[in-house]
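For reference, positions follow the sequence shown, starting with 1. Values reported hereafter were calculated over all heavy atoms of this structure, with side chains retained and with hydrogens, waters and symmetry mates removed.
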Amino acid sequence: MNNQNLLSNLIYIAVFVLIISGCASLRPDTNPILDKKALLLSNQARSNNQHITASKGTGFARLETKTKKTKFKIAWAAVFPNKIRITFLLSGHPVETIIATGEKITFFSHTGAHSKYSYNSKDPDMKDYILVPVKMSEMILVLLGRLPVKNFDDAWFSPSDSSLSTITLKQNWKGLTQYIHFNDKAKVEGLKVTDSSKKLLYDMTIINYKAYDFGNIPVKIEIKDKDNRKLTLEITNFLPNPPIKESVFRLTESG
């Protein structure tokens, strides 16, 4: 090995060590016993209602900005992980139907506001349609009665949080950070997601749960972004694991 190659390798190793140490410094010193508890609670939150892999239901979606509020009735059929058909209604009349299949997303206007159109996407961002920057897969999880907790590699309670009510979740080499907030009954009350610069992507609050014989379902959920644009979902009817034909996720011009 010549001197130039040796120098290059040493520089590479030094940079790698700096990156590792920099990433490690972001993680506070915590109690290992509490880390185990944080990991257990976070895994429980992520697996909540995991037995529900399909659903049908109805409810309401309220979209709010600083200048406008709109409330729709919604009806949906969803299949984990990436299939959904959801229709928005005003005064009992369908306005828009959106179908996602895990390969593409299709929009159909029942009012003639636009022609049917589709584009390829495995997991489209819904910010342009429901205001807040959540992925379609996250919306599907919510409508399955589940929590959109993403994969993570590390979990800890803040050393300054004596109530042990909020857990920080990090994934190795990823910029996203998740924060799960629990109430005094150890139920998830909120989920906040920030990007690599700590900018808020969305803040989800679970306002109400409803107990069924198959589990507790979040039935009123508020999701807002950094600009305080807000989506509030209220689930009024919920059917777990119904049979759903594949044809439900195909849409003709007639709707």
Side-chain angles (χ1 to χ4, degrees), residues 26-28 30 34-35 37-52 55 57 59 61-64 78 80-82 84 123-127 130-158 160-161 163-172 174-211 215-235 238:
L26 298 176
R27 205 253 196 239
T30 54
L34 291 180
D35 287 348
K37 181 178 180 180
L39 183 62
L40 175 65
L41 288 173
S42 301
N43 280 323
Q44 287 176 347
R46 189 167 186 270
S47 62
N48 184 54
N49 289 327
Q50 206 169 50
H51 60 288
I52 301 176
S55 73
R62 187 170 71 247
L63 306 176
E64 298 179 50
F80 181 82
N82 50 23
I84 188 170
D123 191 13
D125 192 318
M126 298 304 293
K127 182 179 180 179
I130 59 173
L131 303 181
V132 289
V134 297
K135 295 287 190 178
M136 180 61 88
S137 61
E138 295 171 309
M139 286 299 302
I140 290 172
L141 285 174
V142 169
L143 294 175
L144 291 175
R146 295 162 68 168
L147 301 170
V149 180
K150 300 173 182 62
N151 289 333
F152 60 91
D153 300 298
D154 197 3
W156 66 86
F157 293 103
S158 169
S160 62
D161 180 14
S163 66
L164 303 181
S165 59
T166 301
I167 298 174
T168 300
L169 304 179
K170 288 288 291 183
Q171 188 175 6
N172 293 341
K174 297 291 184 180
L176 293 181
T177 303
Q178 302 175 87
Y179 304 89
I180 306 179
H181 183 69
F182 295 83
N183 63 19
D184 55 6
K185 296 179 181 178
K187 275 189 176 180
V188 176
E189 198 171 58
L191 174 65
K192 183 168 71 172
V193 182
T194 62
D195 66 12
S196 57
S197 61
K198 302 301 180 184
K199 183 176 70 176
L200 178 69
L201 294 179
Y202 65 82
D203 192 352
M204 177 181 295
T205 302
I206 299 172
I207 300 170
N208 286 324
Y209 283 86
K210 184 175 180 179
N216 292 315
I217 299 295
V219 292
K220 188 171 183 180
I221 306 103
E222 179 185 279
I223 309 171
K224 61 182 179 181
D225 72 356
K226 61 182 179 61
D227 298 316
N228 211 34
R229 291 176 294 193
K230 191 184 304 181
L231 165 67
T232 304
L233 289 172
E234 294 184 61
I235 295 174
F238 184 88

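Considering only heavy atoms from C-beta on, I180 stays 4.5 Å or farther from L147 through its side chain. Counting heavy atoms from C-beta on, the side chains of P133 and D225 come closer than 4.5 Å. In this structure the side chain of K150 reaches within 4.5 angstrom of the side chain of V193, judged on heavy atoms. Side-chain contact check for M204 versus V142: some heavy-atom pair is nearer than 4.5 Å. A heavy-atom distance below 4.5 Å is found between the side chains of L191 and P148. Within the 4.5 Å cutoff, the side chain of E138 has heavy atoms near those of the Y202 side chain. Side chains of M139 and I130 form a contact here, defined as non-hydrogen atoms less than 4.5 Å apart. Side-chain contact between H181 and K192: absent, with no pair of heavy atoms (C-beta onward) separated by less than 4.5 Å.
Across L164, T30, T168, a single residue satisfies side chain to side chain contact (heavy atoms under 4.5 Å, CB included) together with F157, and that is L164.
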Criterion side chain to side chain contact (heavy atoms under 4.5 Å, CB included) on R62 and E234, from CA distance to verdict: CA-CA 9 Å; R62 187 170 71 247; E234 294 184 61; 4.0 Å; yes

Audit row: I140, I84, side chain to side chain contact (heavy atoms under 4.5 Å, CB included) steps and yes/no: CA-CA 7 Å; I140 290 172; I84 188 170; 3.9 Å; yes

Check against side chain to side chain contact (heavy atoms under 4.5 Å, CB included), F80 and L141: CA-CA 7 Å; F80 181 82; L141 285 174; 3.8 Å; yes

Side chain to side chain contact (heavy atoms under 4.5 Å, CB included) evaluation trace for D125 with K135: CA-CA 4 Å; D125 192 318; K135 295 287 190 178; 4.2 Å; yes

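What you find for W156 and D35 is that their closest heavy atoms are CB-OD1, 3.6 Å. When all heavy atoms of A155 and I167 are compared, the pair lying nearest together is CB-CG2, 4.0 Å. Between N228 and K224, the shortest heavy-atom distance links the atoms OD1-CD, 3.5 Å. The two atoms that bring I206 and P218 nearest to each other are CG2-CB, 3.8 Å, heavy atoms only.
Atom CD1 of I223 sits about 10.0 Å away from atom CG of D203, to the nearest 0.5 Å. The line from CD of Q171 to CG of D153 is 5.5 Å long, rounded to the nearest 0.5 Å. Separating the CZ atom in F182 from the OG1 atom in T166 is a distance of 9.0 Å, to the nearest 0.5 Å. Within the model, atoms OG of S55 and CD1 of I235 stand 7.5 Å from one another, a figure rounded to the nearest 0.5 Å. Of the inter-residue distances, the one linking N151 atom CG with L176 atom CG reads 11.5 Å to the nearest 0.5 angstrom. With values rounded to the nearest 0.5 angstrom, I207 atom CD1 is found 6.0 Å from T232 atom OG1.
With salt bridges taken as basic N to acidic carboxylate O contacts below 4.0 Å, one links D227 and R229. By the 4.0 Å N-to-carboxylate-O rule, D195 lies too far from K226 to be salt-bridged with it.
A donor-acceptor pair under 3.5 Å is formed between the side chain of D123 and the backbone N or O of S137. Although no hydrogens or angles enter the test, the distance criterion places a donor-acceptor pair under 3.5 Å between the side chain of Y209 and the main chain of V188. In this structure a side-chain-to-backbone donor-acceptor pair under 3.5 Å is present from N49 to N216. Between the side chain of D161 and the backbone N or O of S165, at least one donor-acceptor pair lies under 3.5 Å.
With a 6.0 Å radius and a threshold of 12 heavy atoms from other residues, nucleotides or ligands, K37 has its NZ atom at or below the threshold.
Geometrically, R46 does not engage F152 in a cation-pi contact, judged by NZ or CZ lying under 6.0 Å from the ring centre and within 45° of the ring axis.
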